[in-house]
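Read through the structure below, which is laid out as structure tokens, and then see the notes.
Chain naming here is simple, since letters A, B, ... match the order of the sequence lines and numbering starts at 1 in each.
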2 protein chains.
Amino acid sequence: MRIARAGTAVTKSQLKVLRTEHSHRLVPAVASPAVQSVLPVNEILVGDCLEKLASLPPASIDLVFADPPYNLQLEQTLSRPDQSLVDAVDDDWDKFASFADYDEFTRAWLSGVRRVMKDNATIFVIGSYHNIFRVGTILQDLGFWILNDIVWRKANPMPNFRGRRFTNAHETLIWAGKSAAAKNYTFNYEALKAGNEDCQARSDWFLPICTGTERLKNETGSKTHPTQKPEALLARVLLAASQPGDLVLDPFFGTGTTGAVAKKLGRSFIGIERDETYAKAARARIAAAEPYPDEAVSAAPSKRAQPRVAFASVVEAGLIAPGAMLCDEKKRHRALVRADGTLMLASAGAELSIVGSIHKVGALAQGLPACNGWTFWHVERNGKLAPIDDLRTTIRGALKVAAE
Amino acid sequence: MRIARAGTAVTKSQLKVLRTEHSHRLVPAVASPAVQSVLPVNEILVGDCLEKLASLPPASIDLVFADPPYNLQLEQTLSRPDQSLVDAVDDDWDKFASFADYDEFTRAWLSGVRRVMKDNATIFVIGSYHNIFRVGTILQDLGFWILNDIVWRKANPMPNFRGRRFTNAHETLIWAGKSAAAKNYTFNYEALKAGNEDCQARSDWFLPICTGTERLKNETGSKTHPTQKPEALLARVLLAASQPGDLVLDPFFGTGTTGAVAKKLGRSFIGIERDETYAKAARARIAAAEPYPDEAVSAAPSKRAQPRVAFASVVEAGLIAPGAMLCDEKKRHRALVRADGTLMLASAGAELSIVGSIHKVGALAQGLPACNGWTFWHVERNGKLAPIDDLRTTIRGALKVAAE
DNA sequence: TTCCGCCATGAATCCAACC
DNA sequence: CGGTTGGATTCATGGCGGA
């Protein structure tokens, strides 16, 4: 049995699961020993995704992680404010002639993946607004059952350089079961809760993007793959929805983040990748990966820093009303609170149009280069002046419950 | 003209936009004065969403906020009641049929909404993983252009009682323009940034759900509407993507959160709601809402809206004399001011014939593809270097006085 | 050795007015 | 309508080199 062979440190409860699967599903699926023997565990299949999927036996996979092309549809170049050029994803593999073409491609690979999933297997697909809605629709149309959509909030996203949209600071993962009937999928609820300060794991995850030494580079020092995912993201996926010894399929393997994390966490993997350059880098990477000690294979609580609070959220929360007046401690300067969280300086007789952040307006009022608006501006409550920093403290108390 | 009436402090460039829209779109659309006169500003249209949308003139709306139904099993507007999801989860045909019904409904109302949107209008649609993927796909298929997907992270989501999934702690908003060609949509970038600690606004928003006194209750104490959205969410939408006086459409008005917030923020609204009970609650709520003071909601001055000033007029005004020398902040480059408002680069020993605009010469001096000459070039005054942007500010001040 | 400043960079559907 | 020009625009992090 390849699956049993590939597993490491299988616990009693895990054994029970394996046994159950064996008796109910694996046996019919692997009636032909010839087929079973070719299940390429911990290997990278280099070639076309659909062909390689078709070569795998049905109902053999425990978990799927898929990072398909996003179909970004970029048409121009983009420069940073310092005139440096953004290194965009312009690879051929991300180009599709139309939404219809992208849909056809998506339907094909998702159908192929669904065939090789065990009935209680689940799938994660990651994407952005360019493609994720199409992926989600097709998942539903094919009979998958969505369990959650999950938001990967990026700690350090690329800014919006032209100031014409919100900073695109997240990507979306869809987590789905093979069908609505499959209720006995793996979800390590207790472990996730224990690793999250005894608080249920939420559908929003806060993680940095992949940079630094984790980011693979080629000989010339440029990135090996344009869209390498952070290992922390894959770790959270595998820890949440698989057990040690499980077999994880990644049909868009790239440089093998899924494989490296699977090895570290005591899972097996099968990767499909059509680009030999990526596959080669993945092989070297996975060979160098060291499995963690068994007892370390559990979710680790993440550090949390003091959350940054915007003055706009103080206004939104109703702690101070638009139109209210602020002043400094000595009542020498006054400013009006606006609905969007900016201030308008109320200078005697002068132009009333100075509008800006609490910090900027505080600095302008005093003629200083900078100012901490939180401590400079005060609000009158019960005849006493209190710094608006007190309002921030209130907000932080509420945030602490849920924010990371 | 309702639109001009509603506008406040219309600038020259805005007037031009209005004129363009008037001549190209509004006039043909409102050929019949009777139709124009019935634009039901600040009213709630009680009835079928599609019918009411069809009664509105085309290209008349500045911003749309839509919170469509997504519970297939309870949705009565769908042409076929759906029992298939519960009873026959394995039946792909039934499943497809019910999704198809939802898709048909979605395509219908989104088409109706698109017709009444001005070309530079945008739309926000909110949903969860049950429906948002289908909404996003249909938005794209209808020609809308997605600008962002936005995640509303809930401060206090309902816990997951079964412990079989991640706590569903967010909802998704899709922000889209009417088409990819429409680039001049409203996005109050600078105000959002100023209200967010001078840091550009991200695609993930953290807000509490609607509870407490904000939550409408009926006589028996139960909630009036099952999915009432928090006003803070609507406030952020309106503050980000509309201007005071703009007309906001909400085709699923419910208990009127959009209308109440629009009134408070100096926007107009049109609501469509088929349930008279909800509409009645909304009317009372909006009547009780108090607008914030004008100066708390007026459009924040943005650099983009400032009138253009030619460097030639700075020279003409005598603020800097022909023959004067400019340099960059680090005194690495020097250029001579010419009487016609062009600069001549003074490179050491090399050809002196490089002449061009402040931007071109700045770019050439640094070997960059582009440069903002206003902030790059400096002039020495009283032993200190000041950017020539200061001179532009002086000119603009004079222009402002002359205009009044 | 440590600290500080400078520089590079990340899945990006990223401008608008004028001639 | 297309080409050209004006000029507005960035956050967090890691690496590196000099002090």
Side-chain angles (χ1 to χ4, degrees), chain A residues 67-91 93-96 99 126-132 152 154-172 208-215 217 221-223 225-230 254 305 308, chain B residues 12-13 16-17 20 120 140 144-149 176-177 180-185 187 189-190 193 196-203 302-311 341 356-360 362-363 369-377 389 392:
Chain A
D67 184 10
Y70 286 9
N71 188 23
L72 286 186
Q73 306 178 70
L74 305 177
E75 290 189 344
Q76 309 172 6
T77 59
L78 179 64
S79 298
R80 297 185 181 82
D82 66 2
Q83 304 302 327
S84 65
L85 207 61
V86 172
D87 184 14
V89 177
D90 55 359
D91 307 68
W93 50 254
D94 196 47
K95 291 188 167 61
F96 293 83
F99 281 132
I126 185 168
S128 65
Y129 65 83
H130 309 84
N131 71 321
I132 199 66
W152 167 28
K154 299 181 183 182
N156 45 351
M158 188 161 71
N160 185 292
F161 294 117
R162 304 302 295 265
R164 294 293 294 150
R165 304 179 177 198
F166 295 95
T167 302
N168 203 350
H170 75 275
E171 293 189 21
T172 301
I209 60 176
C210 182
T211 59
T213 52
E214 187 186 324
R215 188 85 194 213
K217 303 279 168 61
S222 59
K223 55 194 175 191
H225 194 282
T227 71
Q228 185 181 340
K229 295 293 175 290
R308 198 170 188 173
Chain B
K12 198 173 165 184
S13 64
K16 190 170 176 190
V17 170
T20 307
N120 65 340
Q140 291 178 316
F144 287 94
W145 193 246
I146 297 180
L147 299 167
N148 279 114
D149 59 337
K183 302 255 185 206
N184 60 334
Y185 54 86
F187 180 58
Y189 174 77
E190 286 186 307
K193 183 176 174 178
N196 186 41
E197 297 277 284
D198 288 323
C199 184
Q200 61 179 208
R202 295 172 40 123
S203 57
S302 83
K303 280 190 183 173
R304 285 185 174 91
Q306 300 256 31
R308 278 202 184 194
V309 171
F311 186 62
S357 71
I358 54 173
H359 314 294
K360 271 258 171 68
C371 164
N372 184 339
W374 291 108
T375 52
F376 178 72
W377 293 112
D389 205 20
R392 182 168 62 162

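- The residue Ser222(A) sits apart from the nucleic acid: no heavy atom pair falls under 4.0 Å.
- Nucleic acid contact class of Ala155(A) (heavy atoms, under 4.0 Å, all strands): sugar-phosphate only.
- Between the side chain of Asp87(A) and the base of dA8(C) there is no donor-acceptor pair of N/O atoms closer than 3.5 Å.
- When heavy atoms are screened at a 4.0 angstrom cut-off, Glu190(B) is found touching the sugar-phosphate backbone but no base atom.
- Residue Gln200(B) contributes atom CD, which lies 12 Å from atom C1' of dA12(C) at whole-angstrom precision.
- Computed from coordinates, the Lys223(A) NZ to dG15(D) C1' distance equals 17 Å when rounded to whole Å.
- dG7(D) and dG10(C) are spaced 26 Å apart, taking the C1' atom of each and rounding to whole Å.
- Remark: Arg164(A) qualifies as a cation-pi partner of Tyr185(B) under the 6.0 Å distance and 45° angle criteria applied to the six-membered ring.
- OP1 or OP2 of dC15(C) sits under 4.0 Å from a side-chain N or O of Lys183(B).
- The residue Ser357(B) sits close only to the backbone: its heavy atoms come under 4.0 Å of sugar-phosphate atoms, none of a base.
- Put simply, CD1 on Ile209(A) is 5 Å from P on dA11(C), counting in whole angstrom units.
- dA12(C) atom C1' lies 9 Å from atom CZ of Phe161(A), rounded to whole Å.
- Contacts of Thr211(A) with the nucleic acid, taken as non-hydrogen atoms under 4.0 Å apart, involve only primed sugar atoms and P, OP1 or OP2.
- Using a 4.0 Å heavy-atom cutoff across all strands shown, Pro68(A) reaches at least one base atom of the nucleic acid.
- Between the P atom of dA11(C) and the CG atom of Asp149(B) lies a distance of 16 Å, rounded to the nearest Å.
- Here Leu147(B) lies out of heavy-atom contact (under 4.0 Å) with every strand.
- In terms of phosphate contacts, Arg308(A) brings a side-chain nitrogen or oxygen within less than 4.0 Å of OP1 or OP2 of dA12(D).
- In this structure, Leu78(A) places its CG atom 13 Å from P of dG10(C), rounding to the nearest Å.
- Listed pair Arg165(A) / dT10(D) fails the phosphate criterion, with no side-chain N or O lying under 4.0 Å from OP1 or OP2.
- Residue contacts shown for Ala370(B) include a base, since a base heavy atom lies under 4.0 Å away.
- Computed from coordinates, the Phe311(B) CZ to dA8(D) P distance equals 14 Å when rounded to whole Å.
- Going from the P atom of dT9(D) to that of dT9(C) covers 25 Å, rounded to whole Å.
- Atom CD in Gln76(A) sits about 15 Å away from atom P in dA12(C), given to the nearest Å.
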